[in-house]
There are 4 protein chains.
Amino acid sequence: MENTQLAPKVKATYQAIVQLFREGIDLNNLTVSEITGKAGIGKGTVYEYFSNKEEMIAGAIFYELKDSCQSLYDHLKQEKDLYGKMNAILLSMEERLSHTSCFFRAIHIMMDNSAISSKLKEMVKSKGEDELLVMDMLGRVIEEEIAFEGELTKEDKAYLEMTVLSKIICYAMYQFNLNNGAKPERKAMREMICRSTCREIENFKVMLAGDVEE
Amino acid sequence: MENTQLAPKVKATYQAIVQLFREGIDLNNLTVSEITGKAGIGKGTVYEYFSNKEEMIAGAIFYELKDSCQSLYDHLKQEKDLYGKMNAILLSMEERLSHTSCFFRAIHIMMDNSAISSKLKEMVKSKGEDELLVMDMLGRVIEEEIAFEGELTKEDKAYLEMTVLSKIICYAMYQFNLNNGAKPERKAMREMICRSTCREIENFKVMLAGDVEE
Amino acid sequence: MENTQLAPKVKATYQAIVQLFREGIDLNNLTVSEITGKAGIGKGTVYEYFSNKEEMIAGAIFYELKDSCQSLYDHLKQEKDLYGKMNAILLSMEERLSHTSCFFRAIHIMMDNSAISSKLKEMVKSKGEDELLVMDMLGRVIEEEIAFEGELTKEDKAYLEMTVLSKIICYAMYQFNLNNGAKPERKAMREMICRSTCREIENFKVMLAGDVEE
Amino acid sequence: MENTQLAPKVKATYQAIVQLFREGIDLNNLTVSEITGKAGIGKGTVYEYFSNKEEMIAGAIFYELKDSCQSLYDHLKQEKDLYGKMNAILLSMEERLSHTSCFFRAIHIMMDNSAISSKLKEMVKSKGEDELLVMDMLGRVIEEEIAFEGELTKEDKAYLEMTVLSKIICYAMYQFNLNNGAKPERKAMREMICRSTCREIENFKVMLAGDVEE
DNA sequence: TATGAATGAGAATTCATTCAT
DNA sequence: AATGAATGAATTCTCATTCAT
């Protein structure tokens, strides 16, 4: 949909970058030649659409992130409860490496101090309300879960978002095999994470209820 | 202690890199000139001790990581329970930015596909038993907590390590202000994280006990 | 002719190298900056056409050698007998230092163990049939001289080629003043060399005839 | 003998260079570290004896050349006629690669325009009367051959020296396989070269006699 | 609009030489 | 006298960006 708004050369550029990214190329060492070569356009052409390399890369990441989050969120609506939603998120990370990448890489890139990072942070800051990024998506999932019980303060919401995100990071780390040791079964792992997420949220609800009663 | 084993120029190099790192310079765009300039040594000199730039940077990260984990772990022994230990970890991340950086950056760097990353992964893989990195430290904390109840399988341990690490990452993200919105009070945040960590571990113990009874 | 096939920047590069070479600069200590400076092109530009310095230099030598040998060979056709041809070769070496250099330097460079040498040997090995280098040129001269008497074995031809080449080297050494002592008159020197070359070939023909008669 | 005049560190340096040279290392890319490493002395130490790298290398070549020529010349005295002497020279080039190298490389190095070359030429120019280099050796052989017939002019001697040297170079090129094609049998090759050398000298003698008679 | 040849600033790395010990 | 750690000038090569076509 929004894709149609993108000029064809811009889209080609974004796709090329995302593709190279999935092939495992380090974004900090990506060259304009590689990008335009993959995109099948002239090297000079990208400079008609972007003013420098950082803009291209940050733009591609942002675009992919938004797109990926939106489609995942749409998919989540089919699920009834939090357990199902969480499971769907984790499963999507398995199926489409892109989702793992998306969540993960976005955080990753925003955390270094490269020029790409600055540009991306800037883009995130000035994004539209309707553009759904990771935190927004998680925020909505949480609100839907807690909604009928009452209103959430911003602080509580922020805490819960991070709690859920940390679970997702946990699964991403598992997939990237960062712990460098023995790995539990994939399914068992997923179940443990979903259960503990539900438990955390449940706990929070109980706590909230307790606060209200008092 | 171990520091005395490092040749003075190596130490100066490591310190310069760590310092630049804390100043927020992106490690992927760090130049040898910057390093040697900061270290106060000749540009050619570092090549007497390292065979390339990646070795310098990965070496510095590894060294700092090790050092930082060791000192933090030593500090943790004063704490009686898991809550206290977790709190101490989070507090140390606040006091010494280096700790935040360490935990966080180590994961960060290991996750990209740069040459530095490869080198660092290699170093981590071939490290000695006595060299304590983040996961080892968390592993010990967890074992000490669960020990008297019985023996942990490798998979369970891996899961728990990742769970605890994800909590820490959660706090780091909070500090980096990555949620981009309202922040809870620092203390409240820390308490929430510590409590939820304890609850997770407690839950796991209950589950283990259940398995045994059956 | 073939020159037109060369991209302009490649030609400029070759010409710059050959020129520097004639100015007496040692090829093993030639820098890319010097080459591009002389060629009047940007330092980065040569790397669009060559993948490293050795390729540039070996390419230039090969190109000059081929060109020089071809033009000299064409010129030789005007001469009727071996004496005349030999004299023409020596005279051309006097007039155009490039010829002396060519013969001489080609051998010279192929004899050291530098990277340029390896590259040049490789180029010589894979050259086309129609590309005329020193030995090919001498081979043709000799064949034309001996032809009507009968067929030459490969070994005999190889011997004769080297014999003639040694005469040329003799004259080159004379010109380079390598003997460091008294020099005969130039004309006298040339005559002596031509005469002795003819005598050697004549002798060989007689020997061949003797072999046949037996 | 003369070797004892050399300081031990100088001798070690020379030997290291000659050895590296024989191992086929390109002298233009030889480093001081390689030299001192091979010589088993400290890198700073050579600068007590030489003022720069060129002096070391040119000195080593000069020393080896002198030594080699002297020993070969002594050996030649056992041979009765020119054919035998010439054959002995060629054979020695076969046996001891060093001789081939020496004669050849000396010429080779003197022919480029490197700093080593300049230094070496300088050394040759200022060498003592008793120091026997290639040309001196050949000059003596020639004088001994022609002596009883009369006195040689300097120019004639120079011509003859070059003639003989060109034959030797011819054999060297044969050994280096620079002709890149079919090689005659080694023995046959040697015989052809020796015979043609004798013939040349004989011819010259006849010519000289003719001049005198007139 | 699209291109890619041309560019030069800047990066990593090497190595002859110095000098304090 | 002997050393080798330290140095920085010099070199090769890369690559983002420009601009004439």
Side-chain angles (χ1 to χ4, degrees), chain A residues 7-9 12 29-37 39-57 115, chain B residues 7-10 12-13 28-37 39-57 115, chain C residues 7-10 12-13 28-37 39-57 115, chain D residues 7-10 12-13 29-37 39-57 115:
Chain A
K9 307 279 170 179
N29 290 96
L30 196 52
T31 69
V32 175
S33 284
E34 280 172 305
I35 294 169
T36 53
I41 60 180
K43 211 196 313 187
T45 308
V46 279
Y47 284 90
E48 299 289 328
Y49 300 94
F50 302 94
S51 53
N52 54 45
K53 194 177 71 158
E54 280 67 42
E55 210 170 284
M56 299 169 212
I57 299 179
Chain B
K9 306 282 165 177
V10 169
T13 304
N28 278 115
N29 291 95
L30 197 52
T31 69
V32 175
S33 287
E34 282 172 304
I35 296 170
T36 53
I41 60 179
K43 205 180 344 164
T45 308
V46 278
Y47 286 91
E48 300 286 330
Y49 299 95
F50 303 93
S51 53
N52 53 46
K53 194 179 69 161
E54 280 66 43
E55 214 168 280
M56 297 168 213
I57 299 179
Chain C
K9 305 283 165 178
V10 170
T13 306
N28 279 113
N29 290 95
L30 197 52
T31 69
V32 175
S33 288
E34 282 173 305
I35 294 170
T36 54
I41 60 180
K43 214 194 317 183
T45 309
V46 281
Y47 286 92
E48 298 286 328
Y49 299 95
F50 302 93
S51 51
N52 53 45
K53 194 179 70 159
E54 279 66 44
E55 213 169 280
M56 298 168 211
I57 299 180
Chain D
K9 306 279 170 177
V10 170
T13 305
N29 291 94
L30 195 54
T31 68
V32 175
S33 284
E34 281 173 303
I35 295 169
T36 53
I41 60 181
K43 211 194 319 182
T45 309
V46 278
Y47 285 90
E48 300 288 330
Y49 299 94
F50 303 94
S51 54
N52 53 43
K53 192 177 71 158
E54 280 68 41
E55 211 170 282
M56 296 168 212
I57 300 180

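So you know, we letter chains A, B, ... as the sequences are listed, proteins then strands, and number each from 1.
Note on Tyr49(D): only backbone sugar-phosphate atoms sit closer than 4.0 angstrom, heavy atoms only; bases stay farther off. At the heavy-atom level, Leu30(A) lies under 4.0 Å from the strands shown only through sugar-phosphate atoms.
Between Ala12(D) and Ala39(D), the closest heavy-atom pair is O-CB, 3.6 Å. Between Asn52(B) and Tyr47(B) the shortest heavy-atom distance is CA-CE2, 4.1 Å. Heavy-atom minimum distance, Val32(B) versus Lys43(B): CG1-CG, 4.1 Å.
Side-chain contact of Glu34(D) with Thr31(D): a donor-acceptor pair under 3.5 Å is present, judged by distance alone.
To the nearest angstrom, P of dT13(E) lies 10 Å from CD1 of Ile35(B). For Glu55(C) and dT12(F), the CD to P distance is 15 Å, given to the nearest whole Å. When rounded to the nearest whole Å, the span between CG of Asn52(B) and P of dA11(E) equals 17 Å. Summarising the geometry, the separation between CZ on Phe50(C) and P on dT14(F) is reported as 15 Å, rounded to the nearest angstrom. Look at CG on Asn29(A): it is 19 Å from P on dC13(F), rounded to the nearest Å. Distance Lys53(A) NZ to dT17(F) P: 8 Å, rounded to the nearest Å.
The shortest distance between side-chain heavy atoms of Tyr49(C) and Thr13(C) does not fall below 4.5 Å. Thr45(C) is not listed as a side-chain neighbour of Thr36(C), based on a closest heavy-atom distance of 4.5 Å or more.
At least one donor-acceptor pair closer than 3.5 Å links the side chain of Lys53(D) to the backbone N or O of Leu30(D).
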Practice item. In sequence, state the C-alpha distance, the side-chain angles, and the governing distance for Val46(D) and Met56(D), and then conclude on side chain to side chain contact (heavy atoms under 4.5 Å, CB included). Key: CA-CA 8 Å; Val46(D) 278; Met56(D) 296 168 212; 3.8 Å; yes
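Rounding to the nearest 0.5 Å places CD1 of Ile35(B) at 9.5 Å from CD1 of Ile41(B).
Among the duplex regions that DNA chain F forms, those built from at least three successive Watson-Crick or G-U pairs under 3.5 Å are E:2-21 with F:2-21, ordered by first number.
Distances shown here put a side-chain N or O of Tyr47(A) below 4.0 Å from the OP1 or OP2 atom of dT17(F).
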Which protein N or O atoms sit under 3.5 Å from an N or O of nucleotides 7-9 of chain E?
unit_1, atom_1, unit_2, atom_2, d
dT7(E), OP2, Gly42(C), N, 2.8
dT7(E), OP2, Thr45(C), OG1, 2.5
dG8(E), N7, Gly44(C), N, 3.1

